[in-house]
Amino acid sequence: MTVRFGGITALDDVSFAVPQGHIVGLIGPNGAGKTTLFNCLSRLYSFSQGRIEFEGRSLLDTPAHRIAALGIGRTFQNLALFGTMSVRQNIMVGGHCRTRSGFLANALHLPWVRREEAALAGRAEELLQLLELTRVAETRVMDLPFGTQKRVELGRALASQPKLLLLDEPAGGLNHEEVGGLMALLRQVRERLALTMLLVEHHMNLVMRVSDKVVALDFGKIIADGTPAQVQADPDVIRAYLGEPG
Ligand code: ATP
């Protein structure tokens, strides 16, 4: 795909595949186009040219509010949580795109609405355990440390039962120990929930250790696409990060 903002080409004929069940890392210096790509995938931006296919189906005609129901979940760099609600409530909100009940059915307390709510609560409980959030389940999100809030953000995205999870800088703002924990957690989540993940991240150690393949962008173009070892050794990637020698 190609995306232009006025005179700027933010993505220039970018093309790559995310194989099912893999963790794909997307790296690149500031302004390379990573956020633009994420926003196109979740349909927050429309793009000038090209296409995105998810499970063989074009996403072009899918509006942003239908993306989660299709099986694409995402987390946000600046967190998309409700600060005054509890951890459990935030995670349950994430699952509502999977329910059928509207305002009227909810108000009437129909039996199938109650069944749906019970299923939602059960799934939230499982996620609380998986993400080690049970102890703080009833705590307001705004009262938790940032590292814990990041895990709640992951839980909110997972509650929509995505097949593809888009992670926008999950390690941003975490300390060394928390990044180690996140690495283990992402692997565990992938195995337990059979997920595919696309990860935008500046933390190189995390990307290289957790990804099956890495795509590197610079000035809106793909400069490398391969295994972490191949991308790390790629002269164009080294140049993009360190600049020209001498
Ligand atoms: P960072 O690592 O700093 O988040 P990035 O790789 O996510 O950077 P993008 O934010 O996608 O990069 O930006 C790519 C290019 O597109 C930059 O030149 C940026 O200034 C430009 N750009 C992004 N969004 C817009 C917009 N809404 N309007 C105009 N230009 C934009």
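Start at 1 and go down the list; that is how both ligands and their atoms are numbered. Position 1 is the first residue of the sequence, and the numbers go up from there.
- For ligand 1, the protein residues placed under 4.0 Å by at least one non-hydrogen atom are Phe5, Ile8, Ala10, Pro29, Asn30, Gly31, Ala32, Gly33, Lys34, Thr35, Thr36, Tyr45, His202.
- At a threshold of 4.5 Å between non-hydrogen side-chain atoms, the residues Gln49 and Arg4 count as touching.
- If you run side-chain contact (heavy atoms from CB on, under 4.5 Å) between Val152 and each of Leu81, Val136, Leu131, Thr139, only Leu81 comes through.
- Residues passing the side-chain contact (heavy atoms from CB on, under 4.5 Å) test with Glu126: none are found, sequence neighbours excluded.
- Ion pairing between Lys150 and Glu178 fails under the 4.0 Å rule for side-chain N and carboxylate O.
- A salt bridge is absent between Asp236 and Lys221; no separation between the charged side-chain nitrogens and carboxylate oxygens falls under 4.0 Å.
- Between Ser211 and the options Val24, Leu199, Thr227, a side-chain contact (heavy atoms from CB on, under 4.5 Å) holds for only Leu199.
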